[in-house]
Peer 1: 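Structure below; questions to follow.
Positions are given from 1 along the sequence. Basis for what follows: all heavy atoms, side chains included, without hydrogens, waters or symmetry-related copies.
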Amino acid sequence: SSNIMSRALASMSGAVAANLIACLWILGAPQSRAAWGWVCTSFDDNMDFVYTDPGSSVAGKTCDDGTGLSCSCSGDPCRGREEAALSSLSCAGQSSEGCFKYHLSYGSLPSASVLIGKGMENASAACAEATILKVYGRSAGLADLAAWSSSWTGMSEDLADDSTTPATASACQELCADHEDCGFFTFVAQKSNTEYEGICFLFESLNCSEGSVYGDWMGMISGPKACPAGSDVGDSGGPEGNASVGTNKTLPEKTTLAMSAADKLLPSLTPFAFISAALF
């Protein structure tokens, strides 16, 4: 029995050592390992993108209760996994009325949550996680997304496709329409590290008995593979059903935020946390 115990301890030590090596590699990697939204994304009355720095109010925006729309951050400075958040998504242009849904993800989307902050506290969740069929975007961003989420969600490297990065929600919808099994899409319009902007998720349709198939998520635009005949995606956001909406608005070409390699790591995960994770 003592020999069995010795072999078990040796095996455990090897596993712990392997995990520690992997953890140290992550800590030392010069790549981006977090991409929370470090600024707040909202939509104005014309459904144009509006980006606001943490600690500031959204210019010219007054909510129904008479207060201003503000952007805060869970940390100072706002970087790494510190998340910028809006005081109200509904005041920031959230809409579920039209064909395209603003500030809403399709499904709970846990694979995105490892890199893309929801942008508000107490965000409501969708009824279930939708099966991912394909994810389009820039190669570096997709690689990080797969590396960080594949162990516990439905996102894996074989689902990533860097052949195109859609610049608009409408372009993302077209990719969904071209996929036989795609029922719905979610387009990432958040402003963060450029590697993660414009990511486009294609999903199978959800069939929930209760709850909504959409969940609160700052800067996400979601919708079906095709809008109903005669519908206008312009009805999905503006107060008068303005046809000039964010669905066809192109993301800014340059939205890279200045960060050192150290800033791109996960500051909230200390060496002790990594060691604890490896041991337990």
Side-chain angles (χ1 to χ4, degrees), residues 25-26 29-41 49 51 78-84 100 102-103 105-107 109-119 130-151 153-179 182 184-203 217-223 225 246-266:
W25 176 85
I26 291 172
Q31 304 174 40
S32 171
R33 293 295 171 186
W36 300 98
W38 295 301
V39 298
C40 289
T41 303
F49 300 114
Y51 297 115
C78 193
R79 65 188 184 190
R81 291 195 66 149
E82 305 296 348
E83 180 181 351
F100 280 31
Y102 295 84
H103 290 309
S105 67
Y106 186 75
L109 202 53
S111 55
S113 66
V114 297
L115 291 172
I116 305 167
K118 289 195 172 184
T131 299
I132 299 174
L133 297 170
K134 186 76 71 175
V135 186
Y136 290 94
R138 295 177 174 87
S139 57
L142 293 177
D144 278 359
L145 193 64
W148 276 98
S149 63
S150 60
S151 60
T153 75
M155 175 64 190
S156 56
E157 290 184 7
D158 62 308
L159 299 179
D161 190 329
D162 62 358
S163 61
T164 183
T165 302
T168 66
S170 292
C172 183
Q173 184 189 41
E174 291 176 3
L175 292 171
C176 181
D178 290 339
H179 194 295
C182 182
F184 290 82
F185 72 90
T186 289
F187 175 73
V188 181
Q190 278 191 21
K191 176 180 178 181
S192 58
N193 190 333
T194 303
E195 296 169 354
Y196 303 92
E197 293 170 0
I199 286 179
C200 171
F201 291 88
L202 307 187
F203 303 105
W217 210 311
M218 180 182 74
M220 299 289 201
I221 303 176
S222 302
K225 70 184 305 176
T247 57
N248 291 307
K249 302 297 182 181
T250 303
L251 288 172
E253 291 184 4
K254 296 293 183 181
T255 55
T256 304
L257 303 182
M259 297 181 296
S260 67
D263 293 338
K264 295 180 181 180
L265 298 176
L266 301 179

Peer 1: Taking all non-hydrogen atoms of both residues into account, name the closest pair between T165 and G137 and its distance.
Peer 2: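 What the structure gives for the nearest pair is OG1-C, 3.2 Å.
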Peer 1: Atom CD1 in I221, atom OH in Y102: separation rounded to 0.5 Å?
Peer 2: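 Going from the CD1 atom of I221 to the OH atom of Y102 covers 5.5 Å.
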Peer 1: Out of curiosity, K134 NZ to D158 CG, how far, rounded to the nearest 0.5 Å?
Peer 2: 8.0 Å
Peer 1: Apply side-chain contact (heavy atoms from CB on, under 4.5 Å) to residues S111 and F201 and explain how you reach the verdict.
Peer 2: CA-CA 10 Å; S111 55; F201 291 88; 4.0 Å; yes
Peer 1: Of all residues at least two apart in sequence or in a different chain, which pass the side-chain contact (heavy atoms from CB on, under 4.5 Å) check with K225?
Peer 2: C176
Peer 1: Do you know the tightest heavy-atom contact between T168 and A171?
Peer 2: OG1-N, 3.0 Å
Peer 1: One pair to check against side-chain contact (heavy atoms from CB on, under 4.5 Å): L109 and M220. What are the steps and the verdict?
Peer 2: CA-CA 11 Å; L109 202 53; M220 299 289 201; 4.2 Å; yes
Peer 1: Look at the aromatic rings of Y106 and F203 and report parallel, tilted or perpendicular, splitting at 30° and 60°.
Peer 2: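 Judged by the thresholds at 30° and 60°, the geometry between Y106 and F203 is tilted.
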Peer 1: Report the distance from atom CZ of F187 to atom CD1 of I199, rounding to the nearest 0.5 Å.
Peer 2: 10.0 Å
Peer 1: State which residues pass ring-ring contact (aromatic ring centres under 6.0 Å, His included) with Y136; sequence neighbours excluded, sorted by chain then number.
Peer 2: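 Applying ring-ring contact (aromatic ring centres under 6.0 Å, His included) to Y136 gives none.
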Peer 1: Could you report the tightest heavy-atom contact between E195 and A140, atom names first, then the distance?
Peer 2: CD-CB, 3.8 Å
Peer 1: Give me the atom names and distance for the closest heavy-atom approach of T186 to S222.
Peer 2: OG1-OG, 2.7 Å
Peer 1: Rounded to the nearest 0.5 Å, what separates atom CD in E197 from atom CD in Q190?
Peer 2: 9.5 Å
Peer 1: Testing the basics here: between C78 and A84, what is the closest heavy-atom pair and its distance to 0.1 Å?
Peer 2: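 Shortest heavy-atom separation between C78 and A84 comes out as SG-N, 4.1 Å.
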Peer 1: Starting at CG of L145, measure out to CD1 of I132 and round the result to the nearest 0.5 Å.
Peer 2: 7.5 Å
Peer 1: Quick one, R138 and D162 - any side-chain contact, counting heavy atoms below 4.5 Å?
Peer 2: no
Peer 1: Which distance, rounded to the nearest 0.5 Å, do you find between the CG of L175 and the CG of L133?
Peer 2: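 Taking CG in L175 and CG in L133, the distance rounds to 12.5 Å.
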Peer 1: May I ask you to test the K118-E83 pair for a side-chain heavy-atom distance under 4.5 Å?
Peer 2: yes
Peer 1: Show the nearest heavy-atom pair for residues F49 and A189, with the distance to one decimal.
Peer 2: CE2-CB, 3.4 Å
